[in-house]
Amino acid sequence: MSEQPPVKQQGEALENLYHEHRSFPPSAEFAAAAVAQPELYEDAAAAGPEFWARQARDLLSWDEDFTQTLDFSDAPFAKWFVGGKLNASYNALDRHVEQGRGDRVAIYFEGEPGDTRTYTYAQLTEEVKKAANAFESLGVSKGDRVAVYLPMIPEAVITMLACARIGAVHSVVFGGFSADALRSRIDDAEAKLVVTADGSYRRGKPTQLKPAVDESLVRDGHSVQHVLVVKRNGEPVDWTDGRDVWWDDAVATASAEHTPVPHDSEHPLFILYTSGTTGKPKGILHTTGGYLTQTAFTHLATFDLKPETDVYWCTADVGWVTGHSYVTYAPLVNGATQLMYEGTPDTPHQGRWWELVEKYKVSILYTAPTAIRTCMKWGRDIPGKFNLDSIRVLGTVGEPINPEAWMWYRTVIGGNGGKKEIPAPIVDTWWQTETGAHMIAPMPGVTATKPGSAQVPVPGISVDVVDEMGQPVPNGSGGFLVVKEPWPAMLRGIWGDPQRFKDTYWSRFDNMYFAGDGAKKDEDGDIWLLGRVDDVMNVSGHRLSTTEIESALVSHPSVAEAAVVGAVDETTGEAVVAFVILRGSAKDDADIVTTLRNHVGKEIGPIAKPRHILVVPELPKTRSGKIMRRLLKDVAEGREPGDSSTLADNTVMSQIAESLRK
Ligand code: WTA
């Protein structure tokens with residue numbers, strides 16, 4: 001925990017938000033035709049967990065019905081839909097084909113160089129069946145773990161669903177993580193198979209992935225038997241005979257017949273590593289029935305999805321939870337048609353996204369505030385060149401959205417550059433890797449939306465904002481965000497570490513899930529998220545741990561001590577700023593900053609490289625030896641440092657200031 005309560009720490013943000021009073025009710029037309037109607041809230045409140053039982057039976061096909069909705073007798077470990085059996089891949093694929101939706105497009109894929117592929121539900125089902133057979137022939141069976149290190153290409157979705165089909169547990173590692181980070185995740189989950197690609201494309205240039213996999217497996221003592229390699233960009237790759245297998249050899253030649261076996265509702269579906277407050281990433285574990293129920297339900301209700309007519313596009317990478325829940329699972333379980341795009345928004349030009357919206361007539365767009373702010377910076381003329389009339393719902397996720405970016409998104413994107421009389425509603429969705437699915441979000445046909453607020457819990461979800469003592473705060477006040485009742489898509493634990501699960505989320509307050517976010521309730525009781533209250537940073541919507549980056553820095557022989565803070569950044573939300581104390585001769589090394597940035601890139605990945613590294617003679621510490629990051633944050637953000645009276649040595653801040661002036 002940081003030494004400051006969130007409300008003070010986020011004082012400035014809070015101040016700004018208190019002045020935000022606009023609200024935008026849905027149009028009568030939208031409201032009348034919306035999937036989520038006002039009664040949904042009343043139904044959910046009256047039914048309790050049975051509300052979710054209804055969704056589970058309505059939205060999913062079960063091979064065996066469940067006998068108990070929720071078993072929380074071993075709290076905080078929950079079991080949902082006990083006794084039920086189902087197959088996630090059958091739910092996402094086969095059943096659509098069996099029910100006559102085989103010709104509907106499941107995925108429009110657009111590669112960064114402009115190559116395209118289209119998969120109907122029938123075609124995607126066939127690909128997943130082949131991949132499932134190929135994985136089995138490589139020795140993967142139910143319960144085995146598969147590490148997935150792939151770019152945003154259809155094979156990523158195919159791999160995840162093929163794992164789910166055979167009951168193997170996928171662990172997707174974002175392609176921006178380094179070989180070292182990949183290896184620690186492979187080891188933690190004891191993955192038997194790694195699925196990767198030669199590489200991908202980024203900003204018009206080929207990138208590489210396979211070399212990082214090779215590097216991660218150089219050191220013996222790992223669990224990997226095979227590396228399956230998708231050919232994407234044709235870059236040359238090294239080959240380890242007997243271990244490495246081309247996707248095209250194994251999958252393309254595999255049989256297209258594969259019968260899905262039913263798995264228990266609580267069978268592990270995937271592990272996804274995320275940063276916490278310690279140096280070691282946590283393997284967040286999700287299981288099948290509850291996860292699919294809440295992701296599918298929220299995908300329909302929050303986005304007002306009409307699967308027959310909508311074209312949905314979530315810009316998240318499958319390496320993050322948003323890509324798991326709202327690219328791979330929910331859209332396919334709901335039979336939606338979605339766009340998948342491999343590359344960056346500015347290649348070959350800054351209008352690429354909007355060109356795609358126009359080309360595919362995207363009607364639901366789900367992206368992150370950082371992307372919206374970047375597009376704002378590029379200017380409204382760029383989206384203005386394209387016809388965005390098809391858009392009818394906009395979503396955001398990953399970090400708080402400032403009202404200015406929200407208004408821009410509404411007018412320029414949702415309002416087709418001001419040409420639309422009634423712009424598309426925006427749903428600001430708050431959730432986490434741990435929650436699996438949306439927890440707080442407006443319903444677009446019900447809620448009068450407010451710029452910058454996620455506002456209301458999803459029907460069936462119980463959240464609150466509490467003070468230090470765990471007491472609900474009154475409207476108009478801030479505190480800590482908690483979840484009060486178990487929810488279907490909740491994490492089932494941390495892979496291999498049940499105690500850490502309890503300590504991290506369930507020990508701060510009695511019987512409540514501690515999310516790690518600060519929040520306030522406005523005068524209407526609507527919830528505004530204020531950012532993390534722990535040592536987790538949010539850079540462009542990516543979660544990074546200050547401690548993890550500090551560990552990476554001190555693992556370099558030149559570094560004696562390091563402290564990392566997230567400094568407010570207009571575009572990326574936060575930027576990583578590191579303060580380091582160097583050892584002996586390193587002090588004379590003119591390239592030390594570059595060396596250390598690259599070292600962090602190697603240890604964790606390019607996304608974790610500090611924006612700035614400041615070499616200082618000392619770090620501000622309390623008498624108990626705790627680094628006062630708050631003071632460093634002041635320095636990083638160019639403010640006069642605040643109260644430093646609790647420092648063990650109160651000359652430290654002036655020493656730091658002095659050294660930075662040099
Ligand atoms: C932040 C991403 C404000 C929050 C789905 C949370 C948000 C962390 C929002 C989880 C939002 C996510 N408004 N903050 N709408 N959505 N966050 O695990 O701090 O990558 O705890 O999951 O992102 O990040 P994660």
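This one's a predicted model, so the numbers in the text were calculated from it and none came from an experiment. Numbers here are sequence positions counted from 1. For ligands, and for the atoms within them, numbers begin at 1 and follow the listed sequence.
The protein residues lying under 4.0 angstrom from ligand 1, judged by non-hydrogen atoms, are V321, T322, V397, G398, E399, P400, D428, T429, W430, W431, Q432, T433, D517, L529, R532, N538, R543.
No side-chain N or O of W406 forms a donor-acceptor pair with one of D428 less than 3.5 Å apart. For the residue pair S200/E342, the side-chain donor-acceptor check at 3.5 Å is satisfied. Side-chain contact of S325 with Y291: a donor-acceptor pair under 3.5 Å is present, judged by distance alone. Under 3.5 Å, the side chains of E548 and S275 contain a donor-acceptor pair of N or O atoms. T302 and H438 are linked by a side-chain donor-acceptor pair at a separation below 3.5 angstrom, with hydrogens and angles left out of the test.
Test I391, V357, D310 against S363 for side chain to side chain contact (heavy atoms under 4.5 Å, CB included) and you get one pass: D310.
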